[in-house]
Student: 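Okay, here's the structure, questions in a sec.
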Amino acid sequence: MAYVVDMRSDTVTKPTEAMKHAMVNSALGDDVFCEDPTVNALESKIANILGKQAALFVPSGTMSNLIAVMVHCNKRGSEVFVGESSHIYRYELGGASHVAGVLLSTIKNKPDGTFDLHELEHRIRGSDVHEPISAMVAVENTHNYCGGKVLPLKFLDDLAALCKKKSLPLHMDGARLFNACMYLKEKPSRVVKDCDSISVCFSKGLSAPVGSVLVGSYHFIEQARRMRKMLGGGMRQAGVLAAAAIVALDEVVPLLPLDHKRAHRLAMVIQGLFLRSFTVDVENQHTNIVLMQISPESPIVASQVVQRLAQVCLAETKGDCKTTNDEGVIVKVIEFNPKTIRLTLHREISDEDLWLAIMKVTYVLKEIEANVQK
């Protein structure tokens with residue numbers, strides 16, 4: 001059987017042994033009644049880390065972001081400004097509009113995940129009876145679709161000043177917030193200091209099986225708890241899940257720089273192949289996500305590469321062409337768009353896994369480009 005290196009996402013990570021032990025031995029209660037001691041401990045811990053008053057444990061980041069929208073935009077017909085490449089806009093099924101009755105107004109993301117603050121300021125509206133009421137701004141940090149980019153602190157500071165001037169709450173979709181903090185070498189409380197609410201995910205690179213948290217003020221979380229109940233997110237004895245998240249904060253967060261280091265190594269190898277059709281922006285590769293771009297002039301498309309990486313041909317396991325173990329290697333990756341492939345590093349990708357993946361990717365990219373040039 002071929003050896004599989006799964007780089008589709010950091011969501012494929014499984015709980016550590018310490019997490020499993022904590023889950024089995026966690027103290028439990030009814031969280032809807034605020035009586036689960038493990039959930040309460042997690043919420044207190046993450047609120048303290050982020051320098052905020054309170055937190056709420058929820059099943060997913062998508063629900064966390066939606067709850068933030070519902071609390072901040074408590075009038076139907078409200079408007080939220082988001083980047084056009086943001087997770088809230090691209091990957092959350094339009095829940096803000098469908099469930100909350102809120103318009104998502106997009107601003108073009110720059111390659112680093114930021115957007116033009118002058119454009120944002122000029123688009124804020126609400127005084128005209130014909131217009132929706134601008135009620136919230138959301139940013140994503142790290143920015144998934146932009147390749148795990150970390151938002152510059154100056155951008156966050158300037159955005160926060162604008163939001164304060166216009167009395168708009170600022171929400172951060174910080175699904176991979178701790179990756180951003182490791183890259184910046186800053187405390188999480190500094191990165192989110194001016195945010196009115198923050199969503200953090202435990203089931204991506206932090207290896208917990210389920211769960212995110214929404215963090216903010218006491219009043220905000222009080223309202224968020226009601227919205228969670230409305231959406232069916234009250235999980236009763238949720239301490240079995242919260243226990244894993246506590247371990248993630250203590251034991252997995254410090255390991256994130258290893259994922260960044262391996263991702264950088266992978267990016268450098270791909271770029272170092274000097275292929276005409278495939279490139280990686282090594283200089284701007286920040287965290288655990290590597291985006292491999294296919295030249296617009298090339299007839300190659302991302303789906304072709306994804307499919308080939310998931311196959312093992314005879315030449316890969318024989319003679320001079322042998323690049324992997326005896327039965328070959330499969331590398332699972334994701335097509336972001338027809339000309340972009342995402343490779344995501346995470347805790348379960350060891351140095352050996354990375355080496356095998358590099359050998360496979362090198363072989364396949366050279367093979368595909370050679371076939372194109374024939």
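Because only heavy atoms are used, hydrogens play no part in the values below, and waters and symmetry mates are left out as well, while side chains stay in. Numbers here are sequence positions counted from 1.
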Student: Taking Ser86 for its side chain and Gly83 for its backbone only, find out whether a donor-acceptor pair lies under 3.5 Å.
Tutor: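 Present.
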Student: Distance alone, cut at 3.5 Å: any donor-acceptor contact between the side chains of Ser277 and Glu369?
Tutor: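 Glu369 and Ser277 do have a side-chain donor-acceptor pair below 3.5 Å.
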Student: Under a 4.5 Å side-chain heavy-atom rule over Ile, Leu, Val, Met, Phe, Trp and Tyr, are Ile221 and Val215 clustered together?
Tutor: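 No: no chain of side-chain contacts under 4.5 Å links Ile221 to Val215.
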Student: Identify the heavy atoms of Arg342 and Val333 that sit nearest to each other, and give their distance.
Tutor: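 Result for this residue pair: O-CB, 3.6 Å.
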Student: Do you know which of Asn65, Asn144, Thr62 makes side-chain hydrogen bond (donor to acceptor under 3.5 Å, both in side chains) with Asp173?
Tutor: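 When side-chain hydrogen bond (donor to acceptor under 3.5 Å, both in side chains) is applied between Asp173 and each of Asn65, Asn144, Thr62, only Asn65 qualifies.
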Student: Taking atom types as modelled, is there a side-chain donor on Thr287 or His260 under 3.5 Å from an acceptor on the other?
Tutor: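 Result is no, nothing qualifies.
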Student: Do Gln53 and Phe220 make a side-chain contact, defined as non-hydrogen atoms from C-beta onward lying under 4.5 Å apart?
Tutor: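 Not touching, per the 4.5 Å side-chain cut-off.
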Student: Between Val329 and Met359, does a side chain to side chain contact (heavy atoms under 4.5 Å, CB included) hold up when you go through it step by step?
Tutor: CA-CA 9 Å; Val329 169; Met359 297 295 287; over 6 Å; no
Student: Leu291 versus Val280: any side-chain heavy-atom pair under 4.5 Å?
Tutor: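 Answer no - side chains too far apart.
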Student: Output the distance between atom OG (Ser105) and atom CE (Met136), rounded to the nearest 0.5 Å.
Tutor: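 If we round to the nearest 0.5 Å, Ser105:OG and Met136:CE are 12.0 Å apart.
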Student: Apply side chain to side chain contact (heavy atoms under 4.5 Å, CB included) to the pair Gln271 and Phe278, showing each step before the final yes or no.
Tutor: CA-CA 8 Å; Gln271 187 63 14; Phe278 303 99; over 6 Å; no
Student: Assess whether a salt bridge exists between Glu297 and Arg276, defined as any Lys/Arg side-chain N lying under 4.0 Å from an Asp/Glu carboxylate O.
Tutor: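 Not counted as a salt bridge, because no side-chain N and carboxylate O are separated by less than 4.0 Å.
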Student: Tell me, do His346 and Ser9 make a side-chain contact under 4.5 Å, heavy atoms counted?
Tutor: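 Counting from C-beta outward, His346 and Ser9 never come under 4.5 Å.
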Student: Is there a donor-acceptor contact under 3.5 Å linking the side chains of Asp128 and His130?
Tutor: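 Looking only at side-chain atoms, His130 and Asp128 do form a donor-acceptor pair, the distance falling under 3.5 Å.
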Student: Using a 6.0 Å distance limit plus a 45 degree cone around the ring axis, check whether Arg123 lies over the aromatic ring of Phe81.
Tutor: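 Checked: cation-pi criterion not met.
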Student: Let me confirm one number: the CZ-CG distance from Arg226 to Leu56, rounded to the nearest 0.5 Å.
Tutor: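 It is 13.0 Å, given to the nearest 0.5 Å.
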Student: Ignoring hydrogens and geometry, is there a side-chain-to-backbone donor-acceptor pair from Asn288 to Leu345 under 3.5 Å?
Tutor: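 Yes, the answer is positive, given that a donor and an acceptor are paired below the 3.5 Å cut-off.
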Student: Can you tell me how far the NZ atom of Lys108 sits from the CZ atom of Phe115, to the nearest 0.5 Å?
Tutor: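 The NZ atom of Lys108 sits 13.5 Å away from the CZ atom of Phe115.
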Student: Can a salt bridge be assigned to the pair Glu316 and Arg308 using a cut-off of 4.0 Å between side-chain N and carboxylate O?
Tutor: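 Arg308 and Glu316: salt-bridged.
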Student: Taking the basic N atoms (NZ, or NE/NH1/NH2) and the acidic carboxylate oxygens, is any pair closer than 4.0 Å for Arg90 and Glu84?
Tutor: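 Judged by the 4.0 Å cut-off on N to carboxylate O distance, Arg90 and Glu84 do not form a salt bridge.
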Student: With a 4.5 Å cut-off on side-chain heavy atoms, are Val12 and Lys204 touching?
Tutor: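 No. Closest side-chain heavy atoms not under 4.5 Å.
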Student: Does Lys20 come within less than 4.0 Å of Glu17, counting only side-chain N to carboxylate O?
Tutor: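 Glu17 and Lys20: salt-bridged.
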Student: Can you confirm whether the side chains of Thr340 and Gln293 place a donor and an acceptor under 3.5 Å from each other?
Tutor: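 The criterion, which ignores hydrogens and geometry beyond distance, is satisfied for Gln293 and Thr340.
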Student: What heavy-atom pair brings Ser167 and Pro169 nearest, and what distance separates the two atoms?
Tutor: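 Nearest heavy atoms, Ser167 then Pro169: O-CD, 4.0 Å.
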Student: Do Lys110 and Asp112 meet the salt-bridge criterion of a basic N to acidic O distance under 4.0 Å?
Tutor: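 Salt bridge: no.
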Student: Parallel, tilted or perpendicular: which fits the ring planes of Phe336 and Tyr145, with parallel below 30° and perpendicular above 60°?
Tutor: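 Rings of Phe336 and Tyr145: parallel, under 30°.
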Student: Do the side chains of Lys149 and Pro111 get nearer than 4.5 Å, heavy atoms only?
Tutor: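 Heavy-atom side-chain distance check fails, nothing below 4.5 Å.
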Student: Quick check on Leu93: does its CG atom have over 12 non-hydrogen neighbours (other residues, nucleotides or ligands) under 6.0 Å away?
Tutor: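 Open.
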Student: Going by an N to O cut-off under 4.0 Å, is there a salt bridge joining Asp10 and Arg347?
Tutor: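 No, no charged N to carboxylate O under 4.0 Å.
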Student: If you define the side chain from C-beta out and look only at heavy atoms, does anything of Lys360 sit under 4.5 Å from Val312?
Tutor: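 Lys360 reaches Val312 side chain to side chain.
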Student: What's the separation between atom OG1 in Thr13 and atom CG in Asp259, rounded to the nearest 0.5 Å?
Tutor: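 These two atoms lie 9.5 Å from each other.
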Student: What about Trp355 and Leu343, same hydrophobic cluster or not, with Ile/Leu/Val/Met/Phe/Trp/Tyr joined at side-chain heavy-atom distances under 4.5 Å?
Tutor: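 Yes; tracing contacts between hydrophobic side chains, which count when under 4.5 Å, links both residues.
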Student: Hey, are Arg125 and Glu79 close enough for a salt bridge, meaning a charged N less than 4.0 Å from a carboxylate O?
Tutor: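 Salt bridge: yes.
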Student: Would you please test Val4 and Lys332 for side chain to side chain contact (heavy atoms under 4.5 Å, CB included) and show each step?
Tutor: CA-CA 7 Å; Val4 177; Lys332 294 184 178 182; 3.9 Å; yes
Student: I'd like to check Val137 versus His171 (side-chain heavy atoms, cut-off strictly below 4.5 Å). Are they in contact?
Tutor: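 Counting from C-beta outward, Val137 and His171 never come under 4.5 Å.
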Student: His143 and Ser85: side-chain donor and acceptor closer than 3.5 Å?
Tutor: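 Side-chain D/A pair, His143 to Ser85: absent.
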Student: Is there a salt bridge (charged side-chain N to carboxylate O under 4.0 Å, His left out) between Glu140 and Arg176? Walk through the geometry before answering.
Tutor: CA-CA 9 Å; Glu140 185 176 335; Arg176 297 181 176 91; 5.6 Å; no
Student: To check you understand the geometry: which heavy-atom pair defines the closest contact between Ser26 and Ala243, and what is its length?
Tutor: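 Heavy atoms only, the tightest pair is CB-CB, 3.8 Å.
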Student: Mind listing the closest non-hydrogen atom pair of Lys52 and Gly216 along with its distance?
Tutor: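 Residues Lys52 and Gly216, closest heavy atoms: CB-O, 3.7 Å.
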Student: Count I, L, V, M, F, W, Y as connected when their side-chain heavy atoms are under 4.5 Å apart, and connections chain through other members. Are Val253 and Ile46 then in the same cluster?
Tutor: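 Both belong to a single hydrophobic cluster.
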Student: Look at Arg262 together with Asp353 and state whether they make a salt bridge at an N to O cut-off of under 4.0 Å.
Tutor: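 Here Arg262 does not pair with Asp353 in a salt bridge, since their nearest N and O are not under 4.0 Å apart.
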Student: Which distance, rounded to the nearest 0.5 Å, do you find between the CG of Leu177 and the CE of Met182?
Tutor: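 Reported value, rounded in 0.5 Å steps: 10.5 Å.
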Student: Quick check: is Leu151 connected to Val200 through a chain of hydrophobic side chains (ILVMFWY, heavy atoms under 4.5 Å apart)?
Tutor: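 Shared cluster, yes.
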Student: For a quick test of reading the model, state the closest non-hydrogen atom pair linking Asp31 to Val39 and the distance between them.
Tutor: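 The pair with the smallest heavy-atom distance is OD1-CG1, 3.3 Å.
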Student: Please confirm whether the backbone N or O of Leu159 pairs with a side-chain atom of Lys164, one donor and one acceptor, at under 3.5 Å?
Tutor: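 Checked: no pair found.
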Student: Side chain to side chain contact (heavy atoms under 4.5 Å, CB included) for Val252 and Phe202? Distances and angles first, verdict last.
Tutor: CA-CA 10 Å; Val252 182; Phe202 296 112; over 6 Å; no
Student: Rounded to the nearest 0.5 Å, what separates atom CD1 in Ile107 from atom CG in Leu120?
Tutor: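 Here the interatomic distance stands at 4.5 Å.
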Student: Check the pair His286, Thr142 against side-chain hydrogen bond (donor to acceptor under 3.5 Å, both in side chains), reporting the backbone distance first and the verdict last.
Tutor: CA-CA 9 Å; His286 290 176; Thr142 65; over 6 Å; no
Student: Provide the full list of salt bridge (Lys or Arg N to Asp or Glu O under 4.0 Å) pairs with a residue in residues 188-202, sequence neighbours left out, each pair given once.
Tutor: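 Found Asp157-Arg190.
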Student: Met268 and Val282: which non-hydrogen atoms are nearest, and at how many Å?
Tutor: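 Closest approach of Met268 to Val282, heavy atoms only: CG-CG1, 3.7 Å.
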Student: Under 3.5 Å, side-chain donor or acceptor atoms of residues 232-241 against the rest of the protein: list the pairs with distances, not counting sequence neighbours.
Tutor:
{"from": "Arg236", "atom 1": "NH1", "to": "Asp30", "atom 2": "OD1", "distance (Å)": "3.2"}
{"from": "Arg236", "atom 1": "NH1", "to": "Asp30", "atom 2": "OD2", "distance (Å)": "3.2"}

Student: Among the clusters formed by ILVMFWY side chains lying less than 4.5 Å apart, do Ile341 and Ile289 turn up in the same one?
Tutor: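 Per the 4.5 Å side-chain linkage, Ile341 and Ile289 are not co-clustered.
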